[in-house]
There are 2 protein chains.
Amino acid sequence: MEFGSYVRDVRERRLNDDRSYSLRQVAGRVGLEPAYLSKIERDVTAPPSEETIGRLAEDLGEDRDLLLAMAGKVSNDLRQIIIRRAPLFADLLRQLKEAPDHAVLRIAREVRDGDW
Amino acid sequence: MEFGSYVRDVRERRLNDDRSYSLRQVAGRVGLEPAYLSKIERDVTAPPSEETIGRLAEDLGEDRDLLLAMAGKVSNDLRQIIIRRAPLFADLLRQLKEAPDHAVLRIAREVRDGDW
DNA sequence: AGGATCGTGTACTGTGTAGTACACACTACT
DNA sequence: AGTAGTGTGTACTACACAGTACACGATCCT
């Protein structure tokens, strides 16, 4: 699914039981021209900037990283984490490319529990 | 160190025992105008595109991911790995942010040895 | 019936990206 | 002494990015 159609779906679901989720009102809260948000939601134009996607995700109660991913972007803080130790993290990510979800999850859990 | 100065240092080191590493010849092999490479090496202009950095890294025998990182960029294939399973990898990376190098390396090794 | 709200069509703008093209002065051979 | 090669200054270009501004017709409310 495209970024825009997904945003539209989410917004319209919210709109069902909250009239403040009209395109115009969301655009107002997020700080965009309604015409621009309209074009975004119809995928007439490319997804907006990372900052705008962040505000949109917050207003719609969606996961910021997921929304960014649908826009083909990676959050700036993640980019910085990789860049700081580039060859190291590059290798790790390429190793993890084919690893199943539960393995990646297990690793994240182990690291969180601090057993290094 | 800035991207450009680093490239210049590397190139001049190569130039010491191989006259084919003049700015003009490298530019020729990599497919750039000499004036442009000159501006890049003096950090007068922003680092070039990912593709160009890749060709530069190859010609200079440098690590592609490292050079990209110095340019503030992340390789496209890594971005795709994250984007495919965005919230999952986002969480993992944030967990690993403070982990020491040897811990990250150990994880990469374990994954490579396929014990999941 | 009439104002408020709704989504959208069209035109325009400023900034950044990723370079090319050409001319110039300096140095190094031979 | 001449020519080949070196790095650099300046001007320019094409295209993408990230939007704003305004007008329009349709719908809802009361």
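Protein chains get the first letters and strands the later ones, always in sequence-line order, with residue 1 at the start of each.
- Counting only heavy atoms from C-beta outward, the side chains of B:D65 and A:R94 approach each other to under 4.5 Å.
- Side-chain nitrogen and oxygen atoms of B:R11 include at least one within less than 4.0 Å of the OP1 or OP2 phosphate oxygen of D:dG7.
- If you take OH of A:Y36 and P of D:dC22, they are 19 Å apart, rounded to a whole angstrom.
- The separation between B:Y21 atom OH and D:dG7 atom P is 14 Å, rounded to whole Å.
- Nucleic acid contact for A:T45: none, since no nucleic acid atom lies under 4.0 Å from a heavy atom of the residue.
- A salt bridge links B:R106 and B:E110; the closest N-O separation between the charged side-chain nitrogens and carboxylate oxygens is under 4.0 Å.
- Residue A:L32 contributes atom CG, which lies 8 Å from atom C1' of D:dG19 at whole-angstrom precision.
- In this structure, A:L37 reaches neither bases nor backbone, as no heavy-atom distance under 4.0 Å exists between it and the strands shown.
- For A:R8, the listed nucleotide lying nearest its side chain is C:dG7; candidates were D:dG19, C:dG7, C:dG19.
- Taking the side chain of B:A35 as heavy atoms from C-beta on, and the options C:dA21, C:dG19, D:dT20, the nearest nucleotide is C:dA21.
- An OP1 or OP2 oxygen of C:dC6 is reached within less than 4.0 angstrom by a side-chain nitrogen or oxygen of A:S22.
- Taking atom CD of B:E50 as the reference point, atom C1' of C:dG19 lies 17 Å away to the nearest angstrom.
- Proximity of B:K73 to the phosphate of C:dA18: a side-chain N or O atom is located under 4.0 Å from OP1 or OP2.
- Neither OP1 nor OP2 of D:dC29 sits under 4.0 Å from any side-chain N or O of A:R19.
- For D:dG9, neither phosphate oxygen OP1 nor OP2 lies less than 4.0 angstrom from any side-chain nitrogen or oxygen of B:S38.
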Passes side-chain hydrogen bond (donor to acceptor under 3.5 Å, both in side chains), A:R13 versus A:N16? Steps please. CA-CA 5 Å; A:R13 217 166 303 135; A:N16 281 341; over 6 Å; no
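- Note: CD (B:E33) to P (D:dC12) measures 17 Å, nearest angstrom.
- B:Q25 comes within 4.0 angstrom of sugar-phosphate atoms only, judged by non-hydrogen atoms across all strands, and of no base.
- Salt bridge present: A:E50 and A:R64 bring a charged side-chain N and a carboxylate O closer than 4.0 Å.
- Not a single donor-acceptor contact under 3.5 angstrom links the side-chain atoms of B:R24 to the base of D:dG5.
- The side chain of B:K39 approaches D:dA11 more closely than any other nucleotide in the set D:dG19, D:dA11, D:dT8.
- Between B:S49 and the phosphate of C:dG19, there is a side-chain N or O to OP1/OP2 separation shorter than 4.0 Å.
- Taken to the nearest 0.5 Å, the CZ atom of B:R8 stands 11.0 Å off from the CD1 atom of B:I40.
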